[in-house]
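Owing to the predicted nature of the structure, the values given are computational and were not obtained by experimental measurement. Residue numbers start at 1 and run along the sequence shown.
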Amino acid sequence: MYSAGVILNVVDFKWISFLAEFVPQNYYVTLYCVLLICSVFYNVLIYNINKEWLNKLIVILICLFALWPTLADILQDLLGRSLIGISPISAFGNNEGYTLIQFSLMYFLGAYVRINKEKFQNKNYKFMFIYIFSALIIWIMSFKFQSAWNYCNLFVVIESFALFIVFMNLKIQNKGINYVAKHVFGVYILHTSAIMLEGLWGMMNIRQHIVQGGMSFLANMVISVTLMCLFCIVLDIVLQKIMYPFNAVLDRIHIANIRYDIFKSRTKE
């Protein structure tokens with residue numbers, strides 16, 4: 001992407017910038033990979049405790065890493081200053097939920113859903129209501145607290161959990177949707193590259209349309225986001241083809257292909 005930006009004169013070539021492109025700098029991808037490694041051992045814990053203790057664990061995790069951070073952030077917003085040592089995440093605060101702690105919390109919630117899947121089936125209306133209610137609370141909180149949108153906010157956790165349940169219960173068999181869906185992760189990675197930020201986003205003059213407001217802004221956002229998604233999907237398809245032989249080699253390396261699915265053999269207690 002950096003090379004393409006240089007070729008298209010979107011960015012100027014600099015050796016230091018070129019070398020920096022080889023260093024992973026996407027927080028989500030980094031934490032996701034770390035979570036994959038940790039999940040092997042998380043699964044051992046999940047497998048070796050009964051449902052009663054799993055329920056207790058989920059409650060404790062939510063209290064420690066969703067409720068407590070929310071209250072700590074609200075207190076700091078009210079006081080208008082940071083309180084070192086008040087957070088259960090780190091000495092210097094909750095980092096807005098951009099932490100492995102938050103990823104781990106969501107992993108355990110996902111494991112809980114998978115083990116107790118029957119409890120969440122055919123309850124889309126209930127969880128859609130929970131999602132809308134949580135989103136409304138977050139919106140109201142945002143007028144007073146800057147931390148309202150933090151990923152560790154209790155209502156953000158509830159909102160995402162409810163939305164996950166809604167989509168889990170949807171049986172989408174459309175081949176077109178499923179084909180596009182598998183490239184969305186690629187869109188997420190590619191859409192913040194220099195060629196996209198300085199190139200496509202720059203050409204759309206988004207800031208100018210924001211000032212104009214109204215239908216001009218709405219139309220510009222729909223067109224620019226659609227073009228960005230289509231452009232990145234095409235790029236991801238091309239990159240997938242290029243990476244195919246490399247992935248085939250990685251699949252033969254045991255350490256790069258850890259699989260540990262304990263849920264298939266878990267017995268209900």
Side-chain angles (χ1 to χ4, degrees), residues 26-28 31-32 35 55 58-78 80 87-89 93-114 116-117 119-172 174 177 180-181 184-185 187-189 191-192 206 209-210 213-215 217-226 228-229 232:
N26 187 301
Y27 99 92
Y28 185 88
L31 293 184
Y32 187 85
L35 180 65
N55 293 340
I58 293 298
V59 172
I60 290 172
L61 291 177
I62 292 174
C63 289
L64 288 178
F65 304 125
L67 178 59
W68 184 349
T70 302
L71 296 176
D73 283 336
I74 288 176
L75 180 59
Q76 291 181 110
D77 283 345
L78 289 173
S87 168
I89 308 299
N94 301 313
N95 295 313
E96 300 179 5
Y98 292 88
T99 65
L100 179 62
I101 293 293
Q102 204 62 32
F103 276 60
S104 299
L105 170 62
M106 302 313 292
Y107 184 86
F108 275 93
L109 288 176
Y112 178 82
V113 171
R114 188 167 185 179
N116 300 278
K117 199 170 183 178
K119 293 183 179 180
F120 302 97
Q121 291 179 338
N122 303 318
K123 295 182 180 180
N124 270 17
Y125 291 108
K126 175 182 177 180
F127 282 96
M128 180 56 73
F129 173 79
I130 293 173
Y131 166 75
I132 295 173
F133 182 72
S134 299
L136 181 62
I137 292 178
I138 295 167
W139 178 67
I140 294 173
M141 287 178 63
S142 68
F143 289 99
K144 179 67 176 178
F145 305 110
Q146 294 181 354
S147 60
W149 307 103
N150 289 358
Y151 287 168
C152 55
N153 186 320
L154 175 63
F155 295 103
V156 173
V157 172
I158 294 173
E159 176 189 49
S160 59
F161 181 82
L163 194 61
F164 175 80
I165 298 300
V166 171
F167 276 90
M168 182 188 74
N169 287 321
L170 294 179
K171 306 302 180 183
I172 301 176
N174 185 285
I177 293 177
V180 171
V184 171
F185 190 59
V187 173
Y188 166 73
I189 296 174
H191 88 285
T192 55
I206 295 176
H209 288 277
I210 290 176
M215 292 303 297
F217 167 68
L218 181 61
N220 179 269
M221 287 304 298
V222 171
I223 294 172
S224 60
V225 170
T226 301
M228 181 273 294
C229 287
C232 289

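- Classified by interplanar angle (parallel below 30°, tilted 30° to 60°, perpendicular above 60°), the ring pair Tyr98/Tyr27 is perpendicular.
- With values rounded to the nearest 0.5 angstrom, Cys152 atom SG is found 11.0 Å from Ile101 atom CD1.
- Atom CD in Gln146 sits 11.5 Å away from atom CD in Gln76 (nearest 0.5 Å).
- Counting non-hydrogen atoms of other residues, nucleotides and ligands closer than 6.0 Å to OH of Tyr32 gives a total of 12 or fewer.
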Legend entry - Step-by-step side chain to side chain donor-acceptor pair (under 3.5 Å) determination, Asp73 to Asn150: CA-CA 9 Å; Asp73 283 336; Asn150 289 358; 3.2 Å; yes

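- Judged purely by atom type and a 3.5 angstrom limit, Asn94 has no side-chain atom pairing as donor or acceptor with the backbone of Ser87.
- If you take CG on Asn26 and CD1 on Ile189, they are separated by 6.0 Å, rounding to the nearest 0.5 Å.
- The two residues Leu64 and Pro88 come nearest to each other via the heavy atoms O-CG, 3.1 Å.
- In this structure, Phe161 and Phe127 have side chains that are in contact, with non-hydrogen atoms separated by less than 4.5 Å.
- The line from CD1 of Ile132 to CD of Glu159 is 10.5 Å long, rounded to the nearest 0.5 Å.
- Side-chain atoms of Ser134 do not come within 3.5 Å of backbone N or O of Ile158 as any donor-acceptor pair.
- For Leu78 against Lys144, the heavy-atom pair with the smallest separation is CD2-CE, 4.0 Å.
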Inset, instruction - Give the C-alpha distance, both sets of side-chain angles, the deciding distance and a yes or no for side-chain contact (heavy atoms from CB on, under 4.5 Å) between Leu35 and Met106. - result: CA-CA 10 Å; Leu35 180 65; Met106 302 313 292; over 6 Å; no

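- Here the closest non-hydrogen pair linking Ile137 and Phe155 is CD1-CE2, 3.6 Å.
- Among all heavy-atom pairs drawn from Leu31 and Leu100, the shortest one is CD1-N, 3.9 Å.
- The shortest side-chain heavy-atom distance between Leu163 and Phe167 falls under the 4.5 Å cut-off.
- Leu71 has its side chain out of reach of Leu154: every pair of non-hydrogen atoms, C-beta onward, lies at least 4.5 Å apart.
- Between Val156 and Trp149, every side-chain heavy-atom pair lies at or beyond the 4.5 Å cut-off.
- For the atom pair Asn174 CG and Lys171 NZ, the distance stands at 16.0 Å (nearest 0.5 Å).
- Within 6.0 Å of CZ on Phe120 lie more than 12 heavy atoms contributed by other residues, nucleotides or ligands.
- By the 30° and 60° cut-offs, the orientation of the rings of Tyr188 relative to His191 is tilted.
- Here the straight-line distance linking atom CG of Leu109 with atom CD1 of Ile62 works out to 5.0 Å at 0.5 Å rounding.
- In this structure, Tyr28 has its ring center under 6.0 Å from that of Phe103.
- Using a 4.5 Å cut-off on side-chain heavy atoms (C-beta onward), Tyr131 and Val166 make no contact.
- Nearest heavy-atom pair across Asn169 and Gln121 is OD1-CA, 3.6 Å.
- With hydrogens and angles disregarded, a donor-acceptor distance shorter than 3.5 Å links the side chain of Asp77 to the backbone of Ser147.
- Nearest heavy atoms, Phe65 versus Gln102: O-OE1, 3.5 Å.
- Between the Asn116 side chain and the Lys119 main chain, no donor and acceptor come within less than 3.5 Å of each other.
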